[in-house]
**Student:** 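Pasting in a structure now, in structure tokens, and then I'll have a few things to ask.
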2 protein chains.
Amino acid sequence: MATSARRGPYFCGIDAAMDVVAGKWKSLILWELHHHGTRRFAELRRGLPGVSEKMLIQHLREMKEDGLVHREVHREVPPKVEYSLTEHGVSLNTALTSLGKWGAERMRRIGAEKVVITDSGDK
Amino acid sequence: MATSARRGPYFCGIDAAMDVVAGKWKSLILWELHHHGTRRFAELRRGLPGVSEKMLIQHLREMKEDGLVHREVHREVPPKVEYSLTEHGVSLNTALTSLGKWGAERMRRIGAEKVVITDSGDK
DNA sequence: CAGTATCCATCGGGATACTG
DNA sequence: CAGTATCCCGATGGATACTG
């Protein structure tokens, strides 16, 4: 289905890691969860301006499948679901830091803009 | 057109880096060039079993656009074009090593297969 | 609030054939 | 050898409406 993770065969480790981070918002989700520790669905939505509900839940599910995020349901009214990183998620994030630095360097080189986050969260 | 690099705006450095490595074969191309120093078109083809000429040249062009690879044309008969990494390509590769280790770990965890490289290069 | 369900546009990527 | 040029398909991702 929408489970896009191939789970191999892979050419190498980078291939295997990319498989899991591929997807427009996954690295951002990782980042959000890493910095807030725990986030609710709506909080993540607000943190990722431009993401649709469908893509958000789809990515979260895949990342849960891949053992990166933990999903905790609090059975109350109104519903409350909290997402957080597993240890694998945390270590993946750590592994991504050097890549992040390289990317930041690149942004400086090419003079790339940063996404402007409006308070309403729209484009 | 097929120039898929967005060149911003980006959410963060990881976003910017992923933009440049996105594409089914780019990280593998990086790897190949890093380990062989310099490779010809046909050599890369053989090194990436399953890649089509179209995707290979497309990725190479984008990576050249992004300043990751250097393309050297030797005007002779038969034609000879050599690809190699620029310093930015090399540093990107370095930034990817920790991710590669994480991915290798993951492969062990989930028991993923490695791509088998047949001598003919087919699947 | 936290999703599900559809429908739809786009794009990455593969196969194949042709060229300088 | 090193590409170009087309055609085509499936996956990815977006918009919108509905539900427990």
Side-chain angles (χ1 to χ4, degrees), chain A residues 1-7 11 15 18-29 32-33 38-65 69-84 121-123, chain B residues 1-6 11 15 18-29 32-33 38-66 69-84 121-123:
Chain A
M1 260 122 258
T3 308
S4 58
R6 296 171 7 226
R7 289 178 176 68
F11 285 89
D15 195 15
M18 292 297 297
D19 189 23
V20 138
V21 237
K24 198 167 177 180
W25 306 92
K26 289 198 180 169
S27 61
L28 286 334
I29 292 175
E32 274 286 310
L33 291 181
T38 252
R39 296 244 92 178
R40 300 181 58 176
F41 187 79
E43 290 175 330
L44 282 172
R45 266 195 70 173
R46 281 190 289 274
L48 286 333
V51 72
S52 68
E53 295 183 339
K54 173 190 160 188
M55 290 316 304
L56 183 53
I57 193 67
Q58 189 171 300
H59 282 164
L60 284 170
R61 283 197 181 291
E62 291 177 10
M63 292 169 79
K64 190 198 168 185
E65 276 297 302
V69 316
H70 174 69
R71 179 173 183 269
E72 181 132 18
V73 182
H74 301 265
R75 263 213 144 288
E76 21 178 287
V77 180
K80 178 175 173 182
V81 181
E82 292 187 318
Y83 294 91
S84 55
D122 55 28
K123 265 202 278 259
Chain B
M1 255 113 264
T3 308
S4 58
R6 298 173 4 227
F11 285 90
D15 194 15
M18 293 296 297
D19 189 22
V20 138
V21 222
K24 196 168 178 181
W25 307 92
K26 290 200 179 168
S27 60
L28 286 333
I29 292 175
E32 274 287 309
L33 290 181
T38 253
R39 297 246 93 178
R40 300 182 58 177
F41 187 80
E43 290 175 331
L44 282 172
R45 267 196 69 174
R46 281 190 291 273
L48 288 332
V51 72
S52 66
E53 294 183 340
K54 173 189 159 187
M55 289 318 302
L56 182 52
I57 193 67
Q58 188 172 302
H59 282 164
L60 285 170
R61 283 195 181 292
E62 292 176 9
M63 294 169 79
K64 191 198 168 186
E65 277 296 303
D66 291 329
V69 316
H70 174 68
R71 179 172 183 268
E72 181 133 19
V73 182
H74 300 266
R75 262 214 145 288
E76 23 178 285
V77 180
K80 178 176 174 182
V81 181
E82 292 187 318
Y83 294 91
S84 55
D122 55 31
K123 264 201 277 255

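These numbers come from the heavy atoms of this one structure, side chains and all, not from hydrogens, waters or symmetry mates.
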**Student:** Return the CZ to OG distance between B:Arg45 and B:Ser52, rounded to the nearest 0.5 Å.
**Tutor:**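 The distance works out to 8.5 Å.
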**Student:** How long is the straight-line distance from CG of A:Leu44 back to OH of A:Tyr83, given to the nearest 0.5 Å?
**Tutor:** 8.0 Å
**Student:** Give a yes/no answer on whether the side chain of B:Trp25 brings an N or O atom under 4.0 Å of OP1 or OP2 in C:dG14.
**Tutor:**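 Answer is yes, contact under 4.0 Å.
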**Student:** Using a 4.5 Å cut-off on heavy atoms from C-beta on, say whether the side chain of A:Val51 contacts that of A:Leu28.
**Tutor:** no
**Student:** Categorize B:Arg71 for me: base, sugar-phosphate, or nothing, with a 4.0 angstrom heavy-atom threshold over every strand shown.
**Tutor:**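 B:Arg71: backbone/sugar contact only, no base atoms under 4.0 Å.
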**Student:** Please give, in whole Å, the distance from C:dG3 P to A:Leu44 CG?
**Tutor:**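 Atom CG in A:Leu44 sits about 10 Å away from atom P in C:dG3.
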**Student:** Output the rounded distance in Å from CG (B:Leu56) to C1' (D:dG3).
**Tutor:**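 These atoms are roughly 10 Å apart.
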**Student:** Using a cut-off of strictly less than 4.0 Å between a heavy atom of the residue and any atom of DNA chain D, enumerate the qualifying residues of residues 75-84 of chain B by number.
**Tutor:** B:Pro78, B:Pro79, B:Lys80, B:Val81, B:Tyr83
**Student:** In whole angstrom, give the distance that lies between atom CG of B:Leu60 and atom P of D:dG3.
**Tutor:**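 So the CG-P distance, B:Leu60 to D:dG3, works out to 8 Å.
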**Student:** Using purine N1 to pyrimidine N3 plus N6-O4 or O6-N4 for Watson-Crick, or N1-O2 and O6-N3 for G-U wobble, each under 3.5 Å, what pairs with D:dC18?
**Tutor:**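 Pair assignment: D:dC18 / C:dG3.
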**Student:** Measure CD/A:Glu43 against P/C:dA2 and give the value in whole Å, please.
**Tutor:**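 After rounding, the reported distance stands at 8 Å.
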**Student:** Taking atom P of D:dT12 as reference, at what distance in whole Å does atom CE of B:Met18 sit?
**Tutor:**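 Rounded to whole Å, this separation is 14 Å.
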**Student:** Could you tell me whether the side chain of B:Leu48 reaches within less than 4.5 Å of the side chain of A:Phe11, counting heavy atoms only?
**Tutor:** no
**Student:** Are the side chains of B:Met18 and A:Lys26 in touch, meaning some heavy atoms are under 4.5 Å apart?
**Tutor:** no
**Student:** How long is the span from the NE2 atom in A:His59 to the NZ atom in A:Lys54, to the nearest 0.5 Å?
**Tutor:**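 Atom-to-atom, A:His59:NE2 and A:Lys54:NZ are 10.0 Å apart.
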**Student:** Tell me whether the OP1 or OP2 atom of D:dA2 has a side-chain N or O from B:Arg40 closer than 4.0 Å.
**Tutor:**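 Looking at the OP1 and OP2 atoms of D:dA2, one of them is under 4.0 Å from a side-chain N or O of B:Arg40.
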**Student:** Does OP1 or OP2 of C:dA2 have a side-chain N or O of A:Arg46 closer than 4.0 Å?
**Tutor:**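 For A:Arg46, the contact criterion (side-chain N or O under 4.0 Å from OP1 or OP2 of C:dA2) is not met.
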**Student:** Whole angstroms only, please: what is the CD-P distance between A:Gln58 and D:dG13?
**Tutor:** 7 Å
**Student:** Is there a donor and acceptor pair closer than 3.5 Å between the side chain of A:Lys54 and the base of D:dG13?
**Tutor:** yes
**Student:** Could you give the CG-to-C1' distance, from B:Leu28 to C:dG13, as a whole number of Å?
**Tutor:**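 Interatomic distance, CG of B:Leu28 to C1' of C:dG13: 15 Å.
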**Student:** So what does B:Arg45 touch, heavy atoms closer than 4.0 Å: a base, only the sugar-phosphate, or nothing?
**Tutor:** nothing
**Student:** Just call it for B:His59: base, sugar-phosphate, or nothing, with non-hydrogen atoms closer than 4.0 Å on any strand.
**Tutor:**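 Counting heavy atoms under 4.0 Å across all strands, the contact made by B:His59 is with sugar-phosphate only.
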**Student:** Which atom pair, heavy atoms only, marks the closest approach of B:Glu82 to B:Thr38?
**Tutor:** OE2-CG2, 3.6 Å
**Student:** Which one, C:dG14, D:dA17, D:dT4, comes nearest to the side chain of A:Glu53?
**Tutor:** D:dA17
**Student:** When you get a sec, tell me which of D:dG13, C:dG13, D:dA2 is the closest nucleotide to the side chain of A:Met55?
**Tutor:**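 The listed nucleotide nearest to A:Met55's side chain is D:dG13.
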**Student:** Give the nucleotide from the list D:dA2, C:dG14, C:dG3 with an atom nearest to the side chain of B:Phe41.
**Tutor:**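 Looking only at heavy atoms from C-beta outward on B:Phe41, the closest nucleotide is D:dA2.
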**Student:** D:dC18 P sits how many Å from A:Ile57 CD1, rounded?
**Tutor:**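 In whole Å, D:dC18 P lies 20 Å from A:Ile57 CD1.
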**Student:** Is the closest side-chain heavy-atom distance between B:Arg61 and B:Lys64 below 4.5 Å?
**Tutor:** no
